[in-house]
Amino acid sequence: MRVRFAPSPTGFLHVGNARTAIVNYLYARSNNARMVLRIEDTDLERSTRESEDSIFRDLSWLGIRWDEGPDLGGEFGPYRQSERFDIYRSYTERLLGEGNAYRCYCTKEELDRMKKGGDGEAESYTYSGRCRSLTDDERKKFEAEGRPSTVRFRVPDNVSIVVNDRIKGPVEFNSSNIGGDFIIVRSDGVPVFNYIVIIDDTLMKISLVIRGDDHLSNTPKQLLVARALGLSEPEYAHLPLIMGPDRSKLSKRHGITSVEMYRKEGYLPHALMNYMAMLGWASESGEEILPIEDIIRQIDLKKLSKNAPIFDFQKLRWMNGMYIRDYPLADITILFMPYLANAGYNVDAIDRTHLETVVSILRRYCDILSDIGHLAGIFLDEVCVPDEEADAMLKSDDGKNVIRASRTIIRDRLDSANFATGLIPAVKGATSLKGKSFFMPLRAIITGRQKGPELDQVMAVIGYDKCKMRIEYCHEHYCS
RNA sequence: GUCCCCGUCGUCUAGUGGUCUAGGACACCGGGUUUUCAUCCCGGCAACAGGGGUUCGAUCCCCCUCGGGGAUGCCA
């Protein structure tokens, strides 16, 4: 059994394509199938090697592994369509020779005119078939004029084509309404997708094509080509497209859509894969967060939803947070380090055990790794410059009272051994404040914020010196 | 326009001719824990698109309508 993922390298890996890749991968793992990575780079203008590299990197980051591809080779290569033109050429000659294809000399301008003329219904246009039955003389005349030509596939009349889709069930098309004779080779000699995709799928012995729903309507064209060429036909499974909140195809204007951006913002690959697997599928138990291995064990094409799901950014975020909280502490600490570095901390200089303690407290506040950036200061900064809320609190009478009392007490009555447990009751007694009017100012002094982890926990971690320094800082700024 | 696909809480889904007073999760709202916030725990709100059939009985099967999406490229 063999499956394939066939991206075109014309940009970053989009989450929609990523889901196709993920389902292919999960299916392959679950059925012990080989996974082929094929690069569909026949759009010479838009395809770039950089895109290809970034797609490889993003797939790898997600944890997707393939068995054959441009980077690994394999017995059915080459795996870039741009390196297979000779193969396609021989098929084109056969099609031409057997009358299943013909040269079309219509220019773009002529085609445009045909579209606009007629009924005025540009939308319902199908190629008129003007060049379908050119005489030898007419053909020679066009050639003599030096007219460039495309190659069109001769679509037979009124033939029923049934796609036995593993997700949708049988879908019937009639050859008479798939848009007429379609171009299979451009005037510059480069073959087009709808033509060569089926050649590659059969040559690469793909048994099941799992791809996006947007290809379903094109499948009859591909099947017709296969029949004309006598090629075997793969099975198909068309995945519903992922939608944006407005129910149109998910795109940039809906939010982040590139896998690369999710990686950079601090989503975990397992969380992303788990979420994407849940988009259109449910586990037997109804659990939504489960190890990839369990998903592989349970996944079943028949259980995939036929509805096009809306991508729920919020739920992905939530799920990522769950992963962050469940991760082994030592590992998640390492994953947080680049984000701490990015926020300006010299992570290598910080004791690892201390860092793990900080992370163990702060990860409860993080849905994505980058969230730690604005929280780390509570533990890692020397002094915490109060934010707007904290500033207002510290300017109040209660605020100043607490600052003064804290300063006196930590300087004169406490040391590093007893301050963490002693400061709160001592200052409370000295100010005779209680409840929020006591804790909120103290929190503002120690952390510069009005919310965050429990104060005694913070103090125990930052230590006497840092605590004292922060109190002195506030005294200087608010009481003098 | 034409062809094709799809319609269960706001969202992702479970369910299948009676066990459905339709289950779970996110979001939202309320409560508890936290003298804060978040985490965590408990509770609540909320859906079978509409209309016809078939049937003793339809969310489930069939048809129509409506709604959404995709295709209709010398893009993939």
Side-chain angles (χ1 to χ4, degrees), chain A residues 6-10 17 40-43 45-47 81 104 106-108 111 119 121-126 148-152 163 165 167-169 171-174 176-180 182-194 197 211-221 238 240-241 243 245-249 275 278-289 303 305-319 321-322 325 361-367 371 375 389 424 434-440 442-444 447 449-455:
Chain A
S8 63
T10 53
N17 286 125
E40 308 212 317
D41 55 351
T42 53
D43 186 336
E45 274 97 72
R46 293 193 301 148
S47 297
Q81 291 185 324
C104 172
C106 298
T107 62
K108 271 185 187 135
L111 291 170
D119 311 337
E121 281 291 339
E123 305 276 315
S124 64
Y125 169 78
T126 53
S149 64
T150 59
V151 178
R152 283 187 189 268
V163 180
D165 195 273
I167 292 172
K168 313 274 183 195
V171 181
E172 186 179 358
F173 296 88
N174 187 294
S176 296
N177 47 36
I178 60 171
F182 54 93
I183 291 174
I184 58 175
V185 181
R186 303 170 170 89
S187 50
D188 63 1
V190 178
V192 304
F193 163 79
N194 269 135
V197 68
R211 60 182 7 172
D213 220 356
D214 47 346
H215 291 292
L216 181 56
S217 313
N218 288 324
T219 309
K221 293 181 189 169
H238 286 96
L241 263 19
M243 300 301 189
D246 62 355
R247 290 228 179 251
S248 68
K249 205 165 155 182
Y275 175 73
M278 288 303 151
L279 221 47
W281 180 75
S283 69
E284 288 155 15
S285 64
E287 280 172 308
E288 308 212 45
I289 296 179
K303 301 287 276 183
S305 169
K306 294 179 186 178
N307 312 3
I310 292 173
F311 194 85
D312 189 340
F313 295 93
Q314 206 164 213
K315 188 159 184 177
L316 169 60
R317 207 172 203 289
W318 162 80
M319 190 175 278
M322 297 299 280
R325 271 159 237 133
I361 295 169
L362 288 182
R363 69 165 156 182
R364 281 195 287 275
Y365 294 79
C366 298
D367 281 334
D371 282 344
L375 295 164
E389 281 180 320
I424 288 172
K434 55 182 182 178
K436 283 192 186 178
S437 52
F438 167 71
F439 278 94
M440 295 314 275
L442 188 60
R443 173 174 294 283
T447 71
R449 300 156 172 78
Q450 291 292 266
K451 41 192 180 185
E454 288 160 41
L455 264 188

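Per chain, numbering begins at 1; letters A, B, ... match sequence-line order.
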Inset, instruction - Answer with base, sugar-phosphate or nothing: what part of the nucleic acid does A:His215 contact at a heavy-atom distance below 4.0 Å? - result: base
Legend entry - B:U39 to B:C63 separation - P atoms, rounded to the nearest Å: 48 Å
Inset, instruction - Please measure how far the P atom in B:C66 lies from the corresponding atom in B:A25, and state the result in whole Å. - result: 38 Å
Inset, instruction - For A:Met319, report the nucleic acid contact type (base, sugar-phosphate, nothing); a contact means any heavy atom under 4.0 Å. - result: nothing
Inset, instruction - Tell me whether the OP1 or OP2 atom of B:U2 has a side-chain N or O from A:Asn174 closer than 4.0 Å. - result: no
Legend entry - Nucleotide of B:G70, B:A25, B:C74 approaching A:Thr150 most closely (side-chain heavy atoms): B:C74
Legend entry - Spacing of A:Lys303 atom NZ relative to B:U13 atom P, expressed in whole Å: 13 Å
Legend entry - Between B:A22 and B:A47 - P atom distance, rounded Å: 9 Å
Legend entry - Pairing nucleotide - B:C56, Watson-Crick or G-U, each distance under 3.5 Å: B:G18
Inset, instruction - Could you work out the separation of B:A76 and B:A71 based on their P atoms and round it to a whole Å? - result: 14 Å
Inset, instruction - Any strand is fair game: report the nucleotide pairing with B:C66 by Watson-Crick or G-U wobble, both distances under 3.5 Å, or none. - result: B:G7
Inset, instruction - Using the P atom on both, measure B:C62 against B:A27 and round to a whole Å. - result: 37 Å
Legend entry - Euclidean distance, atom CG of residue A:Leu362 to atom C1' of B:C37 [Å, nearest integer]: 13 Å
Inset, instruction - Would you mind classifying the nucleic acid contact of A:Glu172 as base, sugar-phosphate or nothing, using non-hydrogen atoms under 4.0 angstrom? - result: sugar-phosphate
Legend entry - Distance-only donor-acceptor test (3.5 Å): side chain A:Lys315, base B:A25: yes
Legend entry - Side chain A:Tyr275 and base B:C12 donor-acceptor under 3.5 Å: no
Inset, instruction - Compare all side-chain heavy atoms of A:Ile289 with those of A:Glu287 and state whether any distance is below 4.5 angstrom. - result: no
Inset, instruction - For B:G30, give its Watson-Crick or G-U wobble partner with both distances under 3.5 Å, or none. - result: B:C42
Legend entry - A:Lys306 NZ to B:A14 P, straight-line distance once rounded to whole Å: 12 Å
Inset, instruction - Whole angstrom is fine here: how far is it from NZ in A:Lys436 over to P in B:U34? - result: 13 Å
Inset, instruction - Taking only the side-chain heavy atoms of A:Arg364 (C-beta and beyond), determine which of B:C12, B:U39, B:A71 contains the nearest atom. - result: B:U39
Legend entry - Pair A:Tyr275 and A:Phe313, ring centroids less than 6.0 Å apart: no
Inset, instruction - Between A:Asp41 and A:Ser283, just flag the one whose closest nucleotide in RNA chain B comes earlier from the 5' side. - result: A:Ser283
Inset, instruction - Tell me what A:Arg46 touches on the nucleic acid: a base, only sugar-phosphate, or nothing, going by heavy atoms under 4.0 Å. - result: base
Legend entry - Pair A:His238, A:Asp213: side-chain N/O donor-acceptor within cut-off below 3.5 Å: no
Legend entry - Gap in Å between the two C1' atoms, one belonging to B:G7 and one to B:U65, rounded: 13 Å
Inset, instruction - Using a cut-off of strictly less than 4.0 Å, decide whether A:Arg186 has a side-chain nitrogen or oxygen near OP1 or OP2 of B:C75. - result: yes
Inset, instruction - Have a look at A:Glu40 and say if it touches a base, only the backbone sugar-phosphate, or nothing, with a 4.0 Å heavy-atom cut-off. - result: sugar-phosphate
Inset, instruction - Would you check if there is a donor-acceptor pair between the side chains of A:Ser149 and A:Arg186 at a distance under 3.5 Å? - result: no
Legend entry - A:Asn307 side chain near B:G7 phosphate (N/O to OP1/OP2, under 4.0 Å): yes
Inset, instruction - Tell whether A:Arg443 reaches the base of B:U36 with its side chain through a donor-acceptor pair below 3.5 angstrom. - result: yes
Inset, instruction - Please name the pair of heavy atoms, one in A:Asp41 and one in A:Ser47, separated by the smallest distance, quoted to 0.1 Å. - result: CA-OG, 3.4 Å
Inset, instruction - Classify the nucleic acid contact of A:Gln314 as base, sugar-phosphate or nothing, counting any heavy atom under 4.0 Å across all strands shown. - result: sugar-phosphate
Legend entry - Who pairs with B:U2 - Watson-Crick or G-U, where each distance is under 3.5 Å: B:A71
Inset, instruction - For salt bridge (charged side-chain N to carboxylate O under 4.0 Å, His left out), just list the numbers for A:Glu284 and A:Lys303, CA-CA rounded to whole Å, side-chain angles, deciding distance to a tenth of an Å, and then say yes or no. - result: CA-CA 10 Å; A:Glu284 288 155 15; A:Lys303 301 287 276 183; over 6 Å; no
Legend entry - Contact check, side chains of A:His215 and A:Phe193, non-hydrogen atoms, under 4.5 Å: yes
Legend entry - Contact under 4.0 Å: A:Ser305 side-chain N or O vs B:C6 OP1/OP2: no
Inset, instruction - Looking at every strand, decide which applies to A:Pro148 at a 4.0 Å heavy-atom threshold: base, sugar-phosphate, or nothing. - result: nothing
Inset, instruction - In whole angstrom, give me the gap between the C1' atoms of B:G44 and B:G24. - result: 16 Å
Legend entry - Any N/O donor-acceptor pair, A:Asp312 side-chain to B:A27 base, under 3.5 Å: no
Inset, instruction - Would you mind telling me which of B:C37, B:C4, B:A71 lies closest to the side-chain atoms of A:Leu216? - result: B:C4
Inset, instruction - May I ask you to say what A:Tyr365 touches in the nucleic acid, namely base, sugar-phosphate or nothing, with a heavy-atom cut-off under 4.0 Å? - result: base
Inset, instruction - Ignoring backbone atoms, establish whether A:Lys168 has a side-chain N or O less than 4.0 Å from OP1 or OP2 of B:C5. - result: no
Inset, instruction - Using a 4.5 Å cut-off on heavy atoms from C-beta on, say whether the side chain of A:Phe173 contacts that of A:Val171. - result: yes
Legend entry - Any A:Lys249 side-chain N or O less than 4.0 Å from OP1/OP2 of B:A71: yes
Legend entry - Separation of B:A49 P from A:Arg247 CZ (nearest whole Å): 13 Å
Inset, instruction - Classify the nucleic acid contact of A:Gly212 as base, sugar-phosphate or nothing, counting any heavy atom under 4.0 Å across all strands shown. - result: nothing
Inset, instruction - Tell me what A:Asn218 touches on the nucleic acid: a base, only sugar-phosphate, or nothing, going by heavy atoms under 4.0 Å. - result: base
Legend entry - Given RNA chain B, 5'-ward residue of the pair A:Thr42 and A:Asp246, judged by closest heavy atom: A:Asp246
Legend entry - Base B:C74 paired with A:Ser187 side chain (donor-acceptor, <3.5 Å): yes
Legend entry - Qualifying residue for side-chain hydrogen bond (donor to acceptor under 3.5 Å, both in side chains) with A:Arg211, from A:Asn17, A:Thr219, A:Asn218: A:Thr219
Legend entry - Nearest-angstrom distance from the residue atom CD of A:Glu287 to C1' of B:C26: 16 Å
Inset, instruction - Using whole Å, report how far CD1 of A:Ile167 lies from P of B:C6. - result: 11 Å
Legend entry - C1' spacing across the pair B:G31 / B:G15, given as an integer number of angstrom: 31 Å
